[in-house]
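Down below is the structure, laid out as structure tokens.
Just so it is clear, the values below take in all heavy atoms, side chains as well, and ignore hydrogens, waters and symmetry mates. Here the structure is a predicted model, which means the values were calculated and not measured.
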Amino acid sequence: MKKKLTLKFFIIISTIIALTACKSLPKKEMSEPLSRSLLGKGQLKAEDLADFFIQNNPDEDFDHICRFAQYYIDEAAAEGINSDVAFAQMCLETGFLRFGGLVQKEWHNYCGLGAMDPEHPGEIFETEELGVRAHIQHLQAYATTEEVKLNNELIDPRYNWVHKTKLAITIDDLTGTWATDPQYGAKIDAILVRLENW
């Protein structure tokens, strides 16, 4: 009888521990608001970005989005770009990878690069990683002067045109330069606010 009670007790305790471990951890408090600057280091880890993304598009696979978010972190770090801003911009541009506009999902074009009209539907990149690299390079082209060089091999076919003619320091500066939408910067900001409060 004593053995049966001990075994039952052990099973109950083990179940409680397992259920507690599977519960979501409480939201971590951010030490400071996310930067709206295009340059600098993002605060969020791949898992944080993937958790937020999946809440907005549960049809995607968490592990895949975690790897995808890590591409953003790694590529952004290589070029001195804010990965939080880049990821938020990708969410806006692709509708959380639902696409639906001119750009097709299999093109790995995560920022609408070159997408203007049906005759110019956008650039195509071979892999997800290269598509992310092109996005980061395009942001770097906007955020730096012509003297600042890329650290990775140039993938963005429109890089040199932008690097000589445009300059954007914050997400607000992308309004009217990256996109004609007068609310473009505000829309990226809204995603960053949701990331901060998530």
Query raised in the report: When you check the side-chain N and O atoms of Thr127 and Glu129, is any donor under 3.5 Å from an acceptor?
Result: no
Query raised in the report: Do His163 and Thr144 have side-chain N/O donor and acceptor atoms under 3.5 Å apart?
Result: yes
Report task. Answer whether the closest heavy-atom distance between the side chains of Glu123 and Pro157 falls below 4.5 Å. Result -> yes
Query raised in the report: Which residues satisfy the side chain to side chain contact (heavy atoms under 4.5 Å, CB included) test with Asp84, sequence neighbours excluded?
Result: Leu34, Gln43, Leu44, Leu49, Asn82, Leu192
Query raised in the report: Honestly curious: do Val148 and Val85 fall in one hydrophobic cluster under the side-chain, below-4.5 Å linking rule?
Result: no
Report task. State whether a side-chain donor-acceptor pair under 3.5 Å links Gln89 with Tyr110. Result -> no
Query raised in the report: Do Leu167 and Leu174 belong together in a cluster built from hydrophobic side chains that touch within less than 4.5 Å?
Result: no
Query raised in the report: Which salt bridge (Lys or Arg N to Asp or Glu O under 4.0 Å) pairs, counting each pair once, include a residue from residues 181-194, with sequence neighbours left out?
Result: Arg36-Asp189, Asp181-Lys187
**Report entry** Sequence neighbours excluded - salt bridge (Lys or Arg N to Asp or Glu O under 4.0 Å) pairs with any residue from residues 62-80
**Finding:** Glu75-Arg133
Query raised in the report: Would Tyr71 end up clustered with Ile54 when hydrophobic side chains under 4.5 Å apart are linked, directly or stepwise?
Result: yes
Requested in this report: Using atom types as modelled and distance alone, determine if a side-chain donor or acceptor of Gln137 lies under 3.5 Å from a backbone N or O of Leu150.
Outcome: no
Report task. Assess the side chains of His64 and Glu128: does a donor N or O sit below 3.5 Å from an acceptor N or O? Result -> yes
Query raised in the report: Should Leu130 and Leu154 be counted in the same cluster of Ile, Leu, Val, Met, Phe, Trp and Tyr side chains packed under 4.5 Å apart?
Result: no
**Report entry** Which residues share a salt bridge (Lys or Arg N to Asp or Glu O under 4.0 Å) with Asp51, sequence neighbours left out
**Finding:** none
Requested in this report: Kindly write out the residues that satisfy ring pair (Phe, Tyr, Trp, His ring centres under 6.0 Å) with Phe53, not counting sequence neighbours, or none if the list is empty.
Outcome: Phe96
Query raised in the report: Transitively linked via ILVMFWY side-chain contacts under 4.5 Å: Leu139 with Tyr159?
Result: no
Requested in this report: Verify, without hydrogens or angle tests, whether Thr175 (side chain) and Gln183 (backbone) share a donor-acceptor contact under 3.5 angstrom.
Outcome: no
Requested in this report: Evaluate the ring planes of Phe68 and Tyr72, with Trp represented by its six-membered ring, and classify them as parallel (under 30°), tilted (30 to 60°) or perpendicular (over 60°).
Outcome: perpendicular
Requested in this report: Could you pull out all residues at least two apart from His138 that satisfy ring pair (Phe, Tyr, Trp, His ring centres under 6.0 Å)?
Outcome: Tyr142, Trp178
